[in-house]
Amino acid sequence: MKLLQNSGIPIYQQIADQLRSDILAGKLKEGDYLPSIRGLAKDLKISVITTMKAYEQLEAEGLVTAAQGKGFYVNAQDSEMLKEQHMRRVEEALLEAIRAAEIAGMTGKELQETLAALQDEKIL
Amino acid sequence: MNTNSVVKAVNLQKKFRGFELSIPDLQIPKGFATALIGENGAGKTTLLNLLAGIRLDFKGEISYFDENEKMSGGKVQERIGYTGPNSFFLPHWTISQVEEISGLLFDNFHRDRFEAICENLSIPVKVRKNVKDLSDGNKMKLMLAVVLARDTELLILDEPASPLDPLMRDKLNDMIREYLEQGNGEHSVFFSTHNIADMENVTDYAIILEHGNIVEQGFVEDLKEKYVLVKGEAGDAEAAKKILYTMTKSSYGFEGICLSEKLEQLAGMDVSVETPTLSQISVAVMKANTSLKLS
Amino acid sequence: MKHNIRSYLVFTSLWYKIIMFVVLPLVLLGIQVFSTVVFRGTAIPMFAMILVLVEIIADYWFLGGIQEKGSEKIDYLKTSPRGMEVMKSALVIDLVRRFLFHVGIFGLARMITLILESSDRAGELIGFGELLLVIFLSYTLSVLGIFISRFTSYLWVNLLCGYIGSIAGLVILLVCTSMPVPMVLPNAALAVLGGGISVLIVKIAMLKVEGSYYDK
């Protein structure tokens, strides 16, 4: 896991993002335990509270569950929820694109054309 | 956040040389590293001395660990490791004497662990040096070695970073994190520091002390949500000044800390908003409470 | 008791132990043997002077400055449940050790004279009353010098106290042995004085160390 100190993205967010993609990509499987909070803090050279906040965010998203005294384990990821998670990321990325388009003065049509063009390129 | 506390103090009061420490309620979270921040003379050392049990005349109640134990009786002392800036060892003790004495003073002192830590921190054990001839950095390392060689549950460290070089400060951070990890939620650290930036990545909870009172405290991640760092154009400085918590301005623009809840009042101004560092938050809180005349 | 002695021993460095427990007795007894064999006389006055001088100077490396304002804050001791006990043991055992050392070393010195001087002159060289006088006198001067020098942490104070103590010892010894009074009188006076200073040494140091838990 690599953390960027000056990326503008809070450290806990970076940890949560990376663990989330590991879970969604299946690298961390159902029932697997996340590294211990204090162990991960030690390895990443960050504070315990930052790690804890990342884990709590994943818990709030329903990706992991806290087991009393044993740490956090990965939940079963039902396909519906997985899809929802992915859709949320798509929406976020598209919103970002829309904002950039506004700044660039692109019209809605131009934006849709760009999207279509990019999709074609990808398929090819 | 729901956490237990390792130290609780109620109505803590201590008058000392014309200054008064007054803390109605103090709770240090268990399983975390807590930083005590404040100006010189804010009462940090006094507070740490009371908690470490090396000053006994004060009003109020301090209780420790889950069983709400009191300092008297000695059981609590065995579970606490303290390092401080005052004379700690007798000046002409040698390092091997310090080892002997530690074994006598504490049941849970492990000589093999002490020797390993000395080796690890390259404390000059082999050289027959007296404590008084050690550099401030080595003296600090020796104090850390004697407390870390014991099975403690709480470390109270008064300015551990100050005498250390940058490399050793980094090592100190590692040692604190390792101590917290070994305890798996049962080990806590409470330290005072002026070097907030150097200790930021090991600080979970921060307590800011001014004039003997706690003026701000909280988990660092919560404080980073409570305050934001705002930068804006010089033209908006006057209007922003009324809204911001603290502000500095120049002819190019202004910069300051704002309470997040007041952020919307800045609507209409051309400002950028960032997450502040603990160091920036602390300086802002200290600025807002200091009696120092700031221009 | 074992614990008390350990408390004392940890307060002394290896060099202190070597000098005080090995080198000093060997040198003193050597002087006594030499003086008895070569000069056919006792060296006990000189012997006492050296002992007082060395003990007062060496104390700088034992508890030098312990009664000085500020230096009593040995925070490490104060964080231990046994810190005060260890400190007190070190103070008391040191005094006991000192007294037994004075009794032993002068006793041995007298025995050397008795063995090497088979003639009747041996008894004249040093009588029992004089032996007690020299023990009480050297002990009292030693603890007095220690008591005074522990208020500062300067080596030169220990040196000064050592020199004054050893010279004063010689003078007092000469005066006492030449006065037409029974040895019991100066012996009793010195015993009371030495005992009193010993009690003060423990009391004052403990008041300082324990007092640093509180505001003064």
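A quick note: this is a predicted structure, and the numbers were derived from the prediction, not measured. Below, read A as the first sequence line, B as the second, and so on, with proteins coming before strands; counting in each chain starts at 1. Computed over heavy atoms, backbone and side chain alike; hydrogens, waters and symmetry mates excluded.
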Is it the side chain or the backbone of [X] that comes within 4.5 Å of chain B heavy atoms, both, or neither?
X     : result
C:L63 : both
C:F62 : backbone
C:S7  : both

Would you say CZ of C:F151 has more than 12 non-hydrogen atoms from neighbouring residues, nucleotides or ligands within 6.0 angstrom?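 Yes - once you tally the heavy atoms of other residues, nucleotides and ligands closer than 6.0 Å, there are more than 12.
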Other residues, nucleotides and ligands only: do more than 12 of their heavy atoms fall within 6.0 Å of CZ on C:F34?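 Not more than 12 within 6.0 Å, no.
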Would you call the rings of C:Y76 and B:F89 parallel, tilted or perpendicular if under 30° counts as parallel and over 60° as perpendicular?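 Perpendicular.
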Quick one: closest heavy-atom pair of [X] and [Y], and the distance?
X     : Y      : value
C:W61 : B:H92  : O-CD2, 3.1 Å
B:G53 : C:Y213 : O-CE2, 3.4 Å
C:Y60 : B:K132 : OH-NZ, 4.3 Å

Check the pair C:I66 / B:L90 against side-chain contact (heavy atoms from CB on, under 4.5 Å), numbers first and verdict last. CA-CA 9 Å; C:I66 193 72; B:L90 273 183; 4.1 Å; yes
Can you say whether [X] sits under 4.5 Å from chain C via the side chain, the backbone, both, or neither, judging by heavy atoms?
X      : result
B:S102 : both
B:K14  : side chain
B:D107 : both

When you compare the side chain of B:L105 with that of C:T79, does any pair of heavy atoms fall below 4.5 Å?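 No; the side chains remain at least 4.5 Å from each other.
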Do C:S13 and B:W93 have side-chain heavy atoms sitting under 4.5 Å apart?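 Not touching, per the 4.5 Å side-chain cut-off.
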